Amino acid sequence: MAVVAENFIEQIINQELESGKVSSVQTRFPPEPNGYLHIGHAKSLCINFGIKEKYQGKCNLFFDDTNPSKEKTEFVDAIKKDIEWLGFKWDKQTFASDYFEDIYNFAIELIKMDKAFVCDLSAEEISKNRGTLTEKGKESPYRNRSIEENLKLFTEMREGKYADGEKCLRAKIDMASPNINMRDPVIYRILRQTHHRTGDKWCIYPMYDYAHPICDYMQGVTHSICTLEFEDHRPLYDWVGITLGFVNKPRQIEFARLNVTNLVMSKRYLKKLVEEGAVDGWDDPRMPTLAGIRNRGIPAEALKDFCGRIGVAKANSEVQISYLDAVTREYLNLHAERVMGVLKPLKVTITNYEGEEKLKFDVNPNLEGVQREIDFSKEIYIDRDDFSLNPPPKYFRLKKDGYVRLKNAYIIKCDEVIENEKGEVVELKCTYFPNSKSGSDTSGIKVKGVIQWVNAKTAVPIEARKYEYLLKDEEYAGQDFSERMNYDSVHKFNALVEPYILENEDKSFQVLRTGYFKVLQTKDGKVLSEIVALKDNFNK
RNA sequence: AGGGGUAUCGCCAAGCGGUAAGGCACCAGAUUUUGAUUCUGGCAUUCGUUGGUUCAAAUCCAGCUACCCCUGCCA
């Protein structure tokens, strides 16, 4: 894990701790349960839980469920699973809906202070009266209703006397404000939607801008961390807290959201891909969701390390996807078990070898002395790409009359190439050198190439799939991805792998030279996903 | 004359008045039974730009410029 400099949020907290403005720190991770978490959320998770850990504070998991038309229990379960996968432990699990009654009572307070009013304007009229970026807005004709009338009307709104959209509650701030969010924003709307937790108890729901500062405050949040687009909302966030007289009002701090080159990140779009069946679900390895990343075989530790290394700042930036690969590679190199597998099997018969033997194989060269056994015999398979009939210069692997080392086994020489009627290579006849065994090589033969192999008898056939990330590029931007997704984002191989890999599902294995493997359980059986994230220089 | 932000190497990113950290990528070399790993060396006389203050500026001031966000009864 790389050591990362203190980010600007931590600097702010340090100052507040020093000055005594706060004595302890509490954050919250506030997803709306309307979809799965993606890699961008991982950054927020790492920031919020990172602060909890660093300052021995608290961090709640707070579901922002103020809009019942989009939210589902399915999503809250998925979100929790993803956070658990990352290894973060929240202090309390809370919902905005836990506070609906308080939020309502605070609205009554606001009305009593003459800081909120019931407005009869339609959504379109409100929009029209809001003014534009350069022109100030017009005050609602209902703005000066009496407190008594507002109280009565708002109570009736809750009781269901009015139709959806017929009335709303607005904060009374300033229609001339240059900040559009302050132009008497709507804080309650009438919405007859069954809420995933409160059912039909309510027909009015608070808006995010109004509910969030209250929920933060009620939970004891000291630092409410969100993304840059909420900077313009901070005055409103503060207005709510100040007007309601919150003591030690939480402070909202904004940071730049994570962008990754060419990665499709909008929840709207990801949802569409799932609904159209362009991918196998939210957890498809091609998805940038945490579930997808998990299935891809990227360890949680690697993802967290990535989040730490990209830093936290306010400048809009775009991180290269290859950086995630690099961090994954680094983690896997240190921790992953090694396993051999061939994507495109090519039979090799070792004509002068008889019998069978067990060979030692390093589980991971970084874990000294930890070995397991692999079977060797006269019939093996190598990868078709490790043999070339017309080798380019500096080709280190097997060629006709050439030598190569079978990883952890013997040096072999290719004597004969067997082709079928179509001229395709179907088998190689080789001889091995008994005194060239790994670890006790006295043959004196120098080979530059080392290739992986699997034993014909023990290897298991499996469908290997190579998943590409869902990428957006100019050519496809804004278009319908689904066709392309199925076309070129998954590559399938009838591969052979060591049986060992199947006994260790849910682990990621580094595969020699080609990348890393992870076994996925799918409807039609086991599938090995192969994602290339290792360095692959030999094609240069 | 709308408001709010941001500008430091190809990509992230430290720096907070004392003379440009680090990571990824890249280049060169060494070791290597993964063409991986590891190792060693290289990689911004310059911080969007123009002026100003200062003995000294990426850091302070002023003016430009570029990019991002804001006109949901979404979050």
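Residue numbers start from 1 in every chain, and the chains themselves are labelled A, B, ... in the order their sequence lines are given, proteins ahead of strands. Keep in mind the model is a prediction, meaning the values are calculated, not measured.
- Contact annotation for Tyr205(A): no contact, since no heavy-atom pair falls under 4.0 Å across all strands.
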Could you give me the CA-CA distance, side-chain angles and deciding distance for Gln371(A) and Asp362(A), then say whether side-chain hydrogen bond (donor to acceptor under 3.5 Å, both in side chains) is met? CA-CA 4 Å; Gln371(A) 294 186 315; Asp362(A) 282 331; 3.1 Å; yes
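- A sub-4.0 Å separation between OP1 or OP2 of A75(B) and a side-chain N or O of Thr66(A) is present.
- Side-chain N/O atoms of Asn179(A) and base N/O atoms of G4(B) include no donor-acceptor pair closer than 3.5 Å.
- Checked against the 6.0 Å centroid threshold, Phe63(A) and Phe95(A) count as a close aromatic pair.
- Distance from the side chain of Ala315(A) is smallest to U6(B) among G35(B), G10(B), U6(B).
- Taking every side-chain heavy atom of Ala326(A) into account, A25(B) is the closest of C11(B), A25(B), U33(B).
- For Asp64(A), the listed nucleotide lying nearest its side chain is A75(B); candidates were A75(B), C24(B), C73(B).
- Where Asn333(A) and Ser440(A) meet RNA chain B, the nucleotide closest to each residue was compared, and Ser440(A) sits on the side nearer the 5' end.
- The aromatic rings of His38(A) and His41(A) are tilted relative to each other, their planes meeting at an angle between 30° and 60°.
- Atom name C1', nucleotides A13(B) and A20(B): the rounded distance is 13 Å, in whole Å.
- Looking at the side chain of Asp232(A), the nearest of the listed nucleotides A13(B), G5(B), G3(B) is G3(B).
- The 5' end of RNA chain B is approached more closely, in terms of each residue's nearest nucleotide, by Ser438(A) than by the other of Asn181(A) and Ser438(A).
- A donor-acceptor contact under 3.5 Å is formed by the side chain of Arg405(A) with the base of U33(B).
- U38(B): Watson-Crick or G-U partner is A30(B), with both key distances under 3.5 Å.
- Distance from the side chain of Arg234(A) is smallest for G5(B) among the nucleotides C24(B), C69(B), G5(B).
- Going from atom CD1 of Ile451(A) over to atom P of A36(B) covers 17 Å, rounded to whole Å.
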Name each donor-acceptor pair under 3.5 Å that joins a side chain in residues 200-208 of chain A to protein atoms two or more places apart or in another chain, with its distance.
from	atom 1	to	atom 2	distance (Å)
Asp200(A)	OD1	Thr194(A)	OG1	2.8
Tyr205(A)	OH	Gln193(A)	O	3.0
Tyr205(A)	OH	Trp202(A)	O	3.2

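- Distances shown here put every side-chain N or O of Arg257(A) at or beyond 4.0 Å from the OP1 or OP2 atom of C68(B).
- In this structure, A14(B) forms no base pair with any nucleotide, since neither Watson-Crick nor G-U wobble geometry is met with both distances under 3.5 Å.
- For the atom pair CD of Glu373(A) and CD of Glu357(A), the computed distance is 10.5 Å after rounding to the nearest 0.5 Å.
- Checking G72(B) for Watson-Crick or G-U wobble geometry (two distances, each under 3.5 Å) identifies no partner in any strand.
- Ile187(A) CD1 to Cys119(A) SG: the interatomic distance, rounded to the nearest 0.5 Å, is 12.0 Å.
- OP1 or OP2 of G72(B) sits under 4.0 Å from a side-chain N or O of Ser127(A).
- For Lys115(A), the NZ atom sits in a loose shell: 12 or fewer heavy atoms of surrounding residues, nucleotides or ligands are nearer than 6.0 Å.
- With A13(B), G35(B), G72(B) as the candidates, the nucleotide lying closest to the side chain of Arg130(A) is G72(B).
- As a whole-Å value, the separation of Leu191(A) CG from G72(B) P is 17 Å.
- Here the C1' atom of nucleotide C11(B) and the CG atom of Leu324(A) are 14 Å apart, to the nearest Å.
- Atom pair Asn7(A):CG and C12(B):C1' shows a separation of 14 Å (rounding to whole Å applied).
- Close to G15(B), at under 4.0 Å from its OP1 or OP2, lies a side-chain N or O of Gln11(A).
- Taking side-chain N and O atoms only, Arg189(A) has a distance below 4.0 Å to OP1 or OP2 of A75(B).
- As rounded to the nearest Å, U6(B) and G52(B) have C1' atoms that lie 24 Å from one another.
- Nucleic acid contact class of Gly137(A) (heavy atoms, under 4.0 Å, all strands): none.
- Put simply, Phe396(A) rests on the base of G35(B): the two rings are less than 5.5 Å apart at their centres and nearly parallel, under 30°.
- Atoms CD1 (Ile190(A)) and P (G72(B)) sit 19 Å apart, rounded to a whole Å.
- Within the 4.0 angstrom heavy-atom criterion, no nucleotide atom of any strand lies near Leu359(A).
- Distance noted for atom C1' between C47(B) and C16(B): 14 Å (whole Å).
- You'll find that the side chain of Glu32(A) is closest to A75(B), out of G2(B), C12(B), A75(B).
- With U71(B), A14(B), C74(B) as the candidates, the nucleotide lying closest to the side chain of Ala313(A) is A14(B).
- If you check G51(B) for Watson-Crick or wobble pairing at under 3.5 angstrom, you find it paired to C61(B).
- The distance from atom CZ of Phe433(A) to atom P of U33(B) is 18 Å, rounded to the nearest whole Å.
- Regarding Arg329(A), its CZ atom lies at a distance of 15 Å from the P atom of G23(B), rounded to whole Å.
- Atom P of nucleotide A21(B) and atom CD of Glu6(A) are separated by 20 Å, given to the nearest angstrom.
- Nearest to the side-chain atoms of Glu330(A) among the listed nucleotides G2(B), C74(B), C24(B) stands C24(B).
- In this structure, His335(A) has its ring center closer than 6.0 angstrom to the ring center of Tyr331(A).
- Within the 4.0 Å cut-off from OP1 or OP2 of A13(B), at least one side-chain nitrogen or oxygen of Ser317(A) is found.
- Here the side chain of Lys394(A) is nearest to one of G23(B), G2(B), G35(B), namely G35(B).
- Across all strands shown, A66(B) is found opposite U6(B) as a Watson-Crick or G-U wobble partner, with both distances under 3.5 Å.
- As judged by a 4.0 angstrom heavy-atom cut-off over every strand, Leu169(A) is placed among residues making no nucleic acid contact.
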